[in-house]
**Q** 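Please find one structure pasted underneath; my questions will follow.
Keep in mind that what you see is a predicted model, and the values were worked out from it rather than measured. Sequence lines set the chain letters: A, B, ... in the order given, protein chains first and strands last, and positions in each chain run from 1.
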Protein chains: 2
Amino acid sequence: MTTRPVTLREVAKLAGVSIATASKALNGQPQVRASTRDRVLRAAEQLNFSPNTLAQGLITQRSGTVGLLTSDLEGRFSIPILMGAEDAFGSDQTSVFLCDARGDNVREKHHLRALLSRRVDGLIVVGARPDARPSLGELPVPVIYAYAPSEDPADLSLVTDNIGGGRLAVDHLIRHGRRRIAHITGDATYGAAQDRATGALARLAEEGLELAGDQVWFGNWSEAWGRGATRMLLQRDPEIDAVFAGSDEIARGVLDVLHQEKLDVPSQVAVIGFDNWNILAANARPPLSTIDMNLEQLGRLAAQRLFAAIGGTLGSGTETVPCRLITRESTAPVG
Amino acid sequence: MTTRPVTLREVAKLAGVSIATASKALNGQPQVRASTRDRVLRAAEQLNFSPNTLAQGLITQRSGTVGLLTSDLEGRFSIPILMGAEDAFGSDQTSVFLCDARGDNVREKHHLRALLSRRVDGLIVVGARPDARPSLGELPVPVIYAYAPSEDPADLSLVTDNIGGGRLAVDHLIRHGRRRIAHITGDATYGAAQDRATGALARLAEEGLELAGDQVWFGNWSEAWGRGATRMLLQRDPEIDAVFAGSDEIARGVLDVLHQEKLDVPSQVAVIGFDNWNILAANARPPLSTIDMNLEQLGRLAAQRLFAAIGGTLGSGTETVPCRLITRESTAPVG
DNA sequence: AGGCGTACCGAAAAGGTTTTCCGGAACGTA
DNA sequence: TACGTTCCGGAAAACCTTTTCGGTACGCCT
């Protein structure tokens with residue numbers, strides 16, 4: 001418990017060699033005889049030696065750590081990204097410092113300072129909402145902005161292709177023979193809401209279709225809004241045969257009201273959501289088709305880009321990650 | 001970008017003092033004249049100096065880091081705990097390494113080794129489900145088990161008071177005049193399911209009440225089970241006036257079927273959930289009363305205990321954190 | 001026998017900081 | 001003037017590892 005960790009010096013002594021050779025033996029350097037290497041390895045094993053990473057970092061000028069600076073840990077977006085990143089780095093070489101700024105600028109600065117003090121090799125910044133956020137500016141380590149892009153085009157950002165996602169959703173509905181497609185979505189001030197709508201409208205236009213319900217129903221990202229909007233929508237246009245919801249939460253509200261109105265899903269009305277938030281989508285009645293933003297992949301990609309940037313040089317601009325269609329039972333071919 | 005960080009040596013040179021005095025000045029040591037300290041501080045400011053934490057850790061034998069070893073990052077339980085811990089440590093002194101073992105034992109060992117190599121000052125282990133898990137055994141740093149207790153009573157574990165939670169839920173229903181209370185819950189192999197049922201039954205017994213529906217309805221933690229169980233329950237006993245659901249997911253299923261059966265919530269049947277999983281509970285129709293496990297507080301507590309243990313000595317045994325009632329509209333006094 | 005190349009190992013510096021201990025200056029006192 | 005105090009500042013060791021460079025031993029060639 002209170003015993004100090006064993007050092008290389010002790011391993012060396014037990015193996016009867018110098019510290020230098022012990023180090024070389026353990027790191028697979030060639031200038032050491034096989035028999036000697038064996039002795040060292042056995043000694044290390046016996047003492048359960050594990051090298052002090054701090055000391056290693058001090059001399060190699062590489063700490064083997066990265067900072068993950070998120071703004072909403074409770075949010076459902078940071079987590080998959082975080083997992084993807086953690087996954088890509090692996091525990092072998094790199095460990096991840098997790099910092100949640102809680103959307104507070106001061107706290108973010110604080111965390112940033114702490115991370116730089118710890119000499120992280122790089123930084124991934126995950127925004128809370130998919131709109132551009134202020135750049136951290138010039139830093140001594142490479143930075144990747146994930147989910148929320150940086151305002152500064154000189155930074156490297158990785159974001160979801162929301163336009164493509166909207167297009168994908170509508171395309172799916174069209175392929176299943178739906179013609180009267182409505183779109184209920186969240187807060188109009190979110191770029192994501194705008195982009196998804198843009199993609200949806202573009203795909204409709206290609207097919208020569210109009211949006212059902214006369215408009216895009218912007219509101220907020222809640223189930224309650226999904227319910228309210230659906231009621232208004234049905235009043236305006238009872239003939240719809242599909243709804244594209246801007247989030248799975250909204251889709252749940254849509255489903256709820258459709259049930260109340262005795263409209264069967266999917267035979268009469270198809271519903272597709274967005275986010276593939278499993279707990280909502282998979283447990284819906286019927287299980288909800290939806291668009292997955294591939295956030296883990298985004299996280300993995302961020303880690304890979306960062307890894308490549310460490311030592312090398314970082315790109316710039318915004319890279320988008322495509323969405324993926326998840327087909328469940330809430331959408332089906334007509335007839 | 002590629003410029004190496006400034007060191008204490010450079011600060012000292014700029015201030016015209018030795019490295020030793022620079023260090024003392026920055027750390028508030030008394031043996032330095034105020035004017036000298038000022039010079040150093042200004043120099044540090046000017047160079048934007050931030051001390052190399054690796055070097056500090058090397059000499060002080062304290063890295064200022066802790067490891068957070070979780071088994072299900074995607075799960076909803078680790079996250080609040082993680083937030084609480086992150087919160088309690090603050091960014092000032094301590095940073096958190098996040099490691100997700102994905103429920104894999106080998107990966108856990110791997111991560112553990114890496115963390116020890118980084119000379120973390122302590123460890124918090126967050127289990128995936130609230131049943132006892134294997135101990136990590138004797139380690140050179142203090143370890144706290146959160147959410148899932150360690151099998152070894154010599155370890156210190158912090159868990160939710162599920163019995164108290166079950167009691168709390170039923171107590172709330174009773175106080176609101178409900179008499180025919182049923183309990184639908186998840187997987188019977190989960191200690192949490194057993195404990196919540198135990199607490200619920202105990203409170204009923206105190207009141208001289210029987211459980212409605214003849215049994216505790218164990219199944220799994222899904223919305224679908226909530227629906228299925230409710231149908232069976234209504235067939236068995238149509239006269240119930242309250243349902244205590246073992247999770248918010250299940251509660252959502254219960255609500256769904258009650259709506260189908262034209263039973264009004266809460267006037268005819270009250271429903272209370274468990275977890276206070278906001279997205280499910282707050283957006284339900286009507287918003288769901290539920291039991292909150294105070295997981296952030298559990299996380300904060302874990303951090304505090306760990307903090308106290310670092311340097312000092314760690315306690316042992318299992319400490320429980322009480323639950324908290326969240327009242328929304330799905331429960332209301334009868335009449 | 002002398003010279004040379006190869007294979008192996010160790011001494012020592014380096015990385016950036018903290019901390020102990022000591023020396024010098026300034027000052028007051030006898 | 002001699003001496004004791006107090007106050008500041010610096011030299012150097014320590015933390016643990018990696019890496020460079022030099023040295024030894026040995027076999028081989030001429």
**Q** Whole angstroms only, please: what is the CZ-C1' distance between Arg39(B) and dG9(D)?
**A**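 Roughly 11 Å, once rounded to whole Å.
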**Q** Heavy atoms only, 4.0 Å cut-off, all strands: where does Ile19(A) land among base, sugar-phosphate and nothing?
**A**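 The residue Ile19(A) makes base contact.
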**Q** Out of dG16(C), dC8(D), dG15(C), which has the shortest distance to the side chain of Thr7(B)?
**A**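 Nearest to the side-chain atoms of Thr7(B), counting from C-beta on, is dG16(C).
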**Q** For the side chain of Ala20(B), starting at C-beta, report the closest nucleotide among dA11(C), dT19(C), dC16(D).
**A**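 Nearest to the side-chain atoms of Ala20(B), counting from C-beta on, is dT19(C).
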**Q** Is any side-chain N of the basic residue among Asp100(A) and Arg102(A) closer than 4.0 Å to the acidic one's carboxylate O?
**A**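 Looking at Arg102(A) together with Asp100(A), the answer is yes, because their closest N to O distance falls below 4.0 Å.
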**Q** Any ion pair linking Glu10(B) and Arg4(B) (charged N to carboxylate O, less than 4.0 Å)?
**A**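 No, Arg4(B) and Glu10(B) are not salt-bridged.
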**Q** Just the rounded figure in Å: distance from C1' of dC15(D) to CD of Glu10(A).
**A**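 One finds 13 Å between C1' of dC15(D) and CD of Glu10(A), rounded.
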**Q** In this structure, how many angstroms lie between the C1' atom of dC15(D) and the CG atom of Asn52(B), rounded?
**A**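 Taking atom C1' of dC15(D) as the reference, CG of Asn52(B) is at 13 Å.
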**Q** In whole angstroms, how far is the P atom of dC8(C) from the CZ atom of Arg33(A)?
**A**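 In whole Å, dC8(C) P lies 7 Å from Arg33(A) CZ.
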**Q** Categorize Gln56(A) for me: base, sugar-phosphate, or nothing, with a 4.0 angstrom heavy-atom threshold over every strand shown.
**A**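 Sugar-phosphate contact only.
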**Q** Rounded to whole Å, how long is the line connecting atom CG of Leu26(A) with atom P of dT17(D)?
**A**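 In whole Å, dT17(D) P lies 9 Å from Leu26(A) CG.
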**Q** Give one of base, sugar-phosphate or nothing for Thr53(B), where a contact means two heavy atoms less than 4.0 Å apart.
**A**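 Nothing, no heavy atom under 4.0 Å.
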**Q** Figure out the CD/P separation between Gln29(A) and dC9(C), and round it to whole Å.
**A**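 Value for this atom pair: 13 Å.
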**Q** Of the nucleotides dC21(C), dT17(C), dG10(C), which has the atom closest to the Leu8(B) side chain?
**A**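 The answer is dT17(C), which lies nearest to the side chain.
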**Q** Between Glu86(A) and Arg300(A), is there a side-chain N and carboxylate O pair less than 4.0 Å apart?
**A**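 Answer for the salt bridge query: no.
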**Q** Between the side chains of Ser63(A) and Arg118(A), does any donor sit under 3.5 Å from an acceptor?
**A**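 Their side chains do not contain a donor-acceptor pair, so the 3.5 Å distance test is not met.
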**Q** From the set dG10(D), dG9(D), dT19(D), return the single nucleotide nearest to any side-chain atom of Ser23(A).
**A**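 So the nucleotide nearest the side chain must be dT19(D).
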**Q** Name the closest nucleotide to the Thr60(B) side chain, picking from dT18(C), dG10(C), dG10(D).
**A**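 Nearest nucleotide to the side chain: dT18(C).
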